[in-house]
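What follows is a short report on a single structure.
Keep in mind that this is a model prediction, so the values were computed, not measured.
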Amino acid sequence: MTLLSEDQSTRPQPCRLAEPEKHISTMQLYSTDYSGSKEDYMASGENPVFASVEPPRRSRGRLILHGLVMFGREFCYAVEAAFVTPVLLSVGLPRSLYSLVWLISPVLGFLLQPIIGSASDHCRSSWGRRRPYILALGILMLVGLTLFLNGDAVISAIVTERSLRRIWAIVVVMFGVVLFDFAADFIDGPIKAYLFDVCSHHDKERGLHYHALLTGLGGACGYLVGAMDWGHSLLGQLLGTEYQVIYFFSALTWGIFLTVHLISIPEKPLGKITTPSESSSSTALCPLGSHSNGYGALPKEPISPVVPVPDLRPRSFSALGEANSVTSSAKQPNKEAQKRMTFRSLMKAMISMPNHYRCLCISHLLGWTAFLCNMLFFTDFMGQIVYRGNPYADHNSTAYITYERGVEVGCWGLCINAVSSALYSYVQRFLLPYIGLKGLYFMGYFVFGMGTSLIGLFPNIIATLILCSVFGVMSSTLYTIPFNLIAEYQREEEEQLKLHGISESPRGTGVDCAALTCMVQLAQIIVGAGLGALVNMAGSVIVVVLSASTMSLFGCLFIALFIRYVEC
């Protein structure tokens, strides 16, 4: 890497736009051995701003602290997955509408997720690009959890009329579920992009494995808390009801681990163009003009003729030697044109993504559709099909008590799923050298599809609890393999760009992660819009596990035919 000498660095360096035909040769002049990741520079939205060299290696402790947010998130997710359907049915929501609660949040998420991903790529907060978004979404998660678990009790204490109390309870609980689900789905993209930004390529893989491990442990603890009978305990009598006890543990866990995550690894904020009158210690970066509109890049505005900017010198250099070819737009420092990030422009960028990214998004959609069909309604399936209870019966009746018992046992089954997810995330590391990422991806879908089909065909307690272990295989697969594939695709692109002497990435990491996590919202839209109708047509909730099995096996075929093999 060629750096400026002390004499050169003190001279004023005017910013000039590189001519398109000279751009590649300039990069070839200064590009040497560069093993940095694509996250060390970004170029979408506005003119690209270059960061420093590849981040330093992170210790195991740092990566674990960074991943603890996934423990807290999955703990709260486990509480939601276990109790949303029983809570909604217990407050009187009609059976034909109970799947629609999953429709509102993902619609908002699917529309806004790409914009949030791109906006986080360009966030200039002094606290970093990702952490402000993670904090805001974490607070929304807590508010939604509060309304979801406490809404019925609060409305019962305020409203005395029975019919009015039922309506308000449904509205408040549904709003809490939508808000929590919206924030919990959104937060995954910034968390993954945060990991990619602050870690080297090797540490990204380690970090994703720790994320999957802690996700499984968090889910196991969340389901374990839900499986216990807190109503007759001392803590239950002190806090009021069983749901208040579960809320206490959930809010405490999420608050602590979110805080630990935000202080685990510091982020470097994006550099800003400064004037000579500002402090000499401030960063001065002249963004390089882009000559192509690739996937994830917003349309460029016309650039005015260049004028020299006196006494402006760079104090931060990219790994490709951009210190000697720094350029700037004709606008004055600190008055850059802010690009307008619209849903239309970002959707256009995502549609024009490379084919292997598009196939990965489709397979992710199929996997999450299968997974959500099963997980969101599993405790209800246990209560109604396996235990043959009735959620609409009087709360002091035998049928309703039997249903509640089925829900508790369903929580134990989901706890088994979470433990198996944590264990499988560890086993993946040993299987990877033998079958590769594509083999692991296929195996996760296939095992889940076969397991759920057996649960639907033989719905008894022992077989169902044993087969719950296959849920964890799918969970670990969805949380790790697609993001590992994105990291490998990005590394291939970096090597190709380096060979051609090109220093720009056509997009930011946040857009990549947002494109993938958008599929989770789209899967929820599909499940929310279609599963309730299927249950009504079939007359039984057994259709949920059979739908999960069918979608998973379709996903197997898609992976085998369309997902590109990557050598690790």
Side-chain angles (χ1 to χ4, degrees), residues 58 60 63-64 67 70-71 74 188 192 195-196 199-220 356 359-368 370-371 374-375 414-455 466-492 516 519 548-549 551-568:
R58 305 297 180 182
R60 178 181 300 175
L63 293 175
I64 291 175
M70 299 304 294
F71 183 101
E74 198 64 21
D188 188 54
K192 292 296 191 300
L195 176 70
F196 285 9
C199 292
S200 63
H201 182 78
H202 178 70
D203 287 340
K204 291 175 195 175
E205 296 179 354
R206 294 171 61 211
L208 287 173
H209 281 297
Y210 287 131
H211 277 205
L213 176 65
L214 292 167
T215 294
L217 293 177
H356 51 281
C359 290
L360 182 61
C361 287
I362 294 173
S363 66
H364 203 54
L365 171 63
L366 293 173
W368 270 104
F371 190 66
N374 182 73
M375 297 301 291
L414 294 178
C415 183
I416 294 172
N417 142 66
V419 172
S420 67
S421 175
L423 294 176
Y424 183 70
S425 67
Y426 185 74
V427 173
Q428 278 181 342
R429 304 180 67 176
F430 299 99
L431 295 177
L432 182 60
Y434 298 100
I435 62 177
L437 285 173
K438 184 174 179 178
L440 285 173
Y441 207 11
F442 179 89
M443 187 173 71
Y445 280 47
F446 181 77
V447 169
F448 179 77
M450 295 302 297
T452 49
S453 63
L454 291 174
I455 288 175
I466 292 174
L467 290 171
C468 280
S469 58
V470 305
F471 302 166
V473 175
M474 186 65 159
S475 173
S476 180
T477 298
L478 290 173
Y479 279 119
T480 56
I481 303 301
F483 291 98
N484 272 324
L485 285 170
I486 278 206
E488 292 299 328
Y489 293 161
Q490 289 176 348
R491 184 170 65 168
E492 287 180 351
L516 199 60
M519 299 303 105
S549 175
M551 292 300 298
S552 184
L553 294 176
F554 273 129
C556 286
L557 294 175
F558 190 88
I559 290 170
L561 296 175
F562 299 107
I563 294 299
R564 200 179 77 188
Y565 178 75
V566 177
E567 291 186 5
C568 301

Tyr441 and Ser363: side chain donor to acceptor below 3.5 Å: yes
Please determine whether side-chain contact (heavy atoms from CB on, under 4.5 Å) holds for the pair Leu478 and His364, giving the CA-CA distance in whole Å, both sets of side-chain angles, and the decisive distance to 0.1 Å. CA-CA 7 Å; Leu478 290 173; His364 203 54; 4.1 Å; yes
Nearest heavy-atom approach of Ser552 to Met474 is OG-CE, 4.2 Å
Please examine the side chains of Tyr424 and Thr477, heavy atoms only from C-beta on, and report whether any two atoms are closer than 4.5 Å. yes
d(Cys359 SG, Leu485 CG) to nearest 0.5 Å is 11.5 Å
Would you find a donor on one side and an acceptor on the other, under 3.5 Å apart, between the side chain of Thr452 and the backbone of Gly449? yes
Gap between atom CG of Leu208 and atom CD1 of Ile486 - 0.5 Å precision: 10.5 Å
What one should report as the nearest heavy-atom pair of Ala548 and Asn374 is CB-CB, 3.8 Å
Got a donor-acceptor contact below 3.5 angstrom from the Asp203 side chain to the Arg58 backbone? yes
Is the backbone N or O of Val473 less than 3.5 Å from a side-chain atom of Ser476, with the two atoms forming a donor-acceptor pair by type? no
Kindly say whether Leu414 contributes a backbone atom to a donor-acceptor pair with the side chain of Asn417 at under 3.5 angstrom? yes
Does the side chain of Leu360 come within less than 4.5 Å of Phe483's, by heavy atoms? no
Got a second to check how far Leu195's CG is from Glu205's CD, nearest 0.5 Å? 11.0 Å
Would you say His209 and Lys204 make side-chain contact, with heavy atoms under 4.5 Å? no
Whether Lys438 engages the ring of Tyr565 as a cation-pi pair (distance to the six-membered ring centre under 6.0 angstrom, angle to the ring normal within 45°) should be assessed. no
Smallest separation among heavy atoms of Ser420 and Ser469, with atom names: OG-O, 2.9 Å
Distance only, no hydrogens: is a donor on one side chain within 3.5 Å (strictly under) of an acceptor on the other, for Tyr479 and Glu74? yes
Do Asn484 and Glu488 have side chains that approach each other closer than 4.5 Å (heavy atoms only, starting at C-beta)? no
Over 12 foreign heavy atoms within 6.0 Å of CZ, Phe558: yes
Is there side-chain contact between Phe71 and Leu213, with heavy atoms separated by less than 4.5 Å? no
In Å and rounded to the nearest 0.5 Å, what is the CG to NZ distance from Asp188 to Lys192? 4.0 Å
So Arg60 and Tyr210, do their side chains get closer than 4.5 Å, heavy atoms only? yes
Within this structure, what is the CD1-CZ distance for the pair Ile559 and Phe446, rounded to the nearest 0.5 Å? 12.0 Å
In short, Ala220 meets Val419 closest at the heavy-atom pair CB-CG2, 3.7 Å
For the residue pair Met551 and Leu366, what are the closest heavy atoms and their distance? CE-CD2, 3.5 Å
Distance-only polar pair, side chains of Arg564 and Tyr489, donor-acceptor under 3.5 Å: no
For Phe562 and Ile362, what are the C-alpha separation, side-chain angles and deciding distance, and is it a side-chain contact (heavy atoms from CB on, under 4.5 Å)? CA-CA 10 Å; Phe562 299 107; Ile362 294 173; over 6 Å; no
Just so I know, are the side chains of Ser475 and Phe448 near enough to count as touching, which here means a heavy-atom distance under 4.5 Å? no
Does Phe430 have its ring centroid less than 6.0 Å away from the ring centroid of Tyr426? yes
Do Met443 and Leu440 touch side chain to side chain, with heavy atoms closer than 4.5 Å? yes
